[in-house]
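Values in this document were obtained by computation on a predicted structure and should not be read as measured data. Reminder, nothing fancy here: chain letters follow the sequence lines and each chain counts from 1. Reckoned from all heavy atoms, side chains included, excluding hydrogens, waters and symmetry mates.
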There are 2 protein chains.
Amino acid sequence: MTTLPGMADEELLRLDQQLCFSLNAASRAFGGVYRVLLKDLGLTYPQYLVMLVLWEDGELPVKRIGERLRLDSGTLSPLLKRLEVAGLVSRERSPEDERSVTVRLTSEGSALRERAGQVPRRLLTATGLPIEDLAALRGLLERVTGALDSALVEPAP
Amino acid sequence: MTTLPGMADEELLRLDQQLCFSLNAASRAFGGVYRVLLKDLGLTYPQYLVMLVLWEDGELPVKRIGERLRLDSGTLSPLLKRLEVAGLVSRERSPEDERSVTVRLTSEGSALRERAGQVPRRLLTATGLPIEDLAALRGLLERVTGALDSALVEPAP
DNA sequence: CACAATTCAATTGCGCACAACTAAATCGCG
DNA sequence: CGCGATTTAGTTGTGCGCAATTGAATTGTG
């Protein structure tokens, strides 16, 4: 296995460039395809992600949604407000803990799930990759994310 | 090889969820690490990407930068203006074609390259993956991006 | 040559991401 | 119990990403 310490700065620069370019480009390419697939539903991609976790759990405090999606209140508060205006969710202070806000699907929000049914298939098809490669991609992404996150907490010596 | 058409919607939903979650998370995790690495240089991650292509070519019209980075003028115009205010680039209408704006490194912009020298190594180290895996990841990302882009141009039948 | 179509950058408007901060409720320790 | 620390959402400000539009320069075509 080839390790980083043995490589020249030049080569590393090239790989870094390619890697950050391609990750950035891939992320935005996904966003673009989701954008057209979700247009009918009136959802943006991040809004769709929130709906996915709500479709699974029905109701959740803002905190939990943030943990699942790696998003903070600065992002979620206005996003949830827009979903509320759209009539897809309700927001209510929890009676047990008034700091917490419970986000609940409305019947309209639950109903939207049916219309979103074909989105995953159409998206995965659009990637042009077989299941195995998609799973491998997911695995690599999860590994780098975990490593990058812990690198942030514990900076290099 | 397992193909999509044979799979149930349920399974596809799960994979789609995992994949878009992990891609999103990875993209933002990269951004987070770059953010701390680039803080000293006074650059954001997208600004760093622009500087990378300028460090390679010295000067480029806005159009070319956009092609390299998959960004349009709506994103680049204000970003380049900020780089200009920071003293790293100059912008000038091309004399041959007055529609085009040439972006040039200033001496300060060129000098910044030295200070950025260790960024790629530190970032790649933070991923915690060996070179082979990073290259495989890049390969998968490029394939997906290509497929997604062409799927956008030619929508599903 | 004239004029319609195209190219290129900039601007506007909207939504997301994140840092920094605020405000309110809860927790926990003395 | 009382009071400081922590938790939880929300707000503000900055920057990116993209769609849609504008305006100026250029190109192509009759």
Quiz item: Can you name the nearest heavy-atom pair linking B/S94 to B/T102, along with the distance?
Solution: CB-OG1, 4.0 Å

Quiz item: What does nucleotides 4-11 of chain D look like as a protein-contact string, B for base, S for sugar-phosphate only, - for none, at under 4.0 angstrom between heavy atoms?
Solution: ---BSBBB

Self-check item: For atom CZ of B/R28 and atom C1' of C/dC18, their distance in whole Å
Solution: 10 Å

Self-check item: For the student: nearest non-hydrogen atoms of B/L129 and A/V144, plus distance
Solution: CD1-CG1, 3.2 Å

Practice problem: Could I get the full list of salt bridge (Lys or Arg N to Asp or Glu O under 4.0 Å) partners for A/K63, not counting sequence neighbours? | Solution: A/E67

Quiz prompt | Out of D/dC18, C/dG15, C/dA17, whichever nucleotide has its closest atom nearest the side chain of A/L71 | solution = C/dA17

Exercise. Let me know the distance between CG of B/L69 and P of D/dG17, rounded to the nearest Å.
Key: 9 Å

Practice problem: Could you check how far CZ of B/F30 sits from C1' of C/dC18, rounded to whole Å? | Solution: 19 Å

Practice problem: Figure out the CG/P separation between A/L38 and D/dC18, and round it to whole Å. | Solution: 15 Å

Quiz prompt | Residues forming a salt bridge (Lys or Arg N to Asp or Glu O under 4.0 Å) with B/R143, sequence neighbours excluded | solution = A/D133

Quiz item: Between atom CG in B/L49 and atom P in D/dG17, what is the gap in whole Å?
Solution: 8 Å

Self-check item: salt bridge (Lys or Arg N to Asp or Glu O under 4.0 Å) partners for B/E92, two or more places apart
Solution: B/R104

Practice problem: Please list all pairs passing the ring pair (Phe, Tyr, Trp, His ring centres under 6.0 Å) test where one or both residues lie in residues 48-94 of chain B, with sequence neighbours left out. | Solution: B/Y34-B/Y48

Self-check item: A/E84: partners by salt bridge (Lys or Arg N to Asp or Glu O under 4.0 Å), with sequence neighbours left out
Solution: A/R91

Quiz item: Separation of B/L43 atom CG from D/dG15 atom P, in whole Å?
Solution: 13 Å

Self-check item: DNA chain D: 5'-proximal contact among B/T44 and A/K39 (nearest heavy atom)
Solution: B/T44

Practice problem: Round to the nearest Å and state the distance from A/R70 atom CZ to C/dA19 atom P. | Solution: 10 Å

Exercise. Quickly work out the B/N24 CG to C/dC18 C1' distance and round it to whole Å.
Key: 14 Å

Quiz item: Which residue, A/Q47 or A/E96, contacts DNA chain C at a nucleotide closer to its 5' end, judged by nearest heavy atom?
Solution: A/Q47

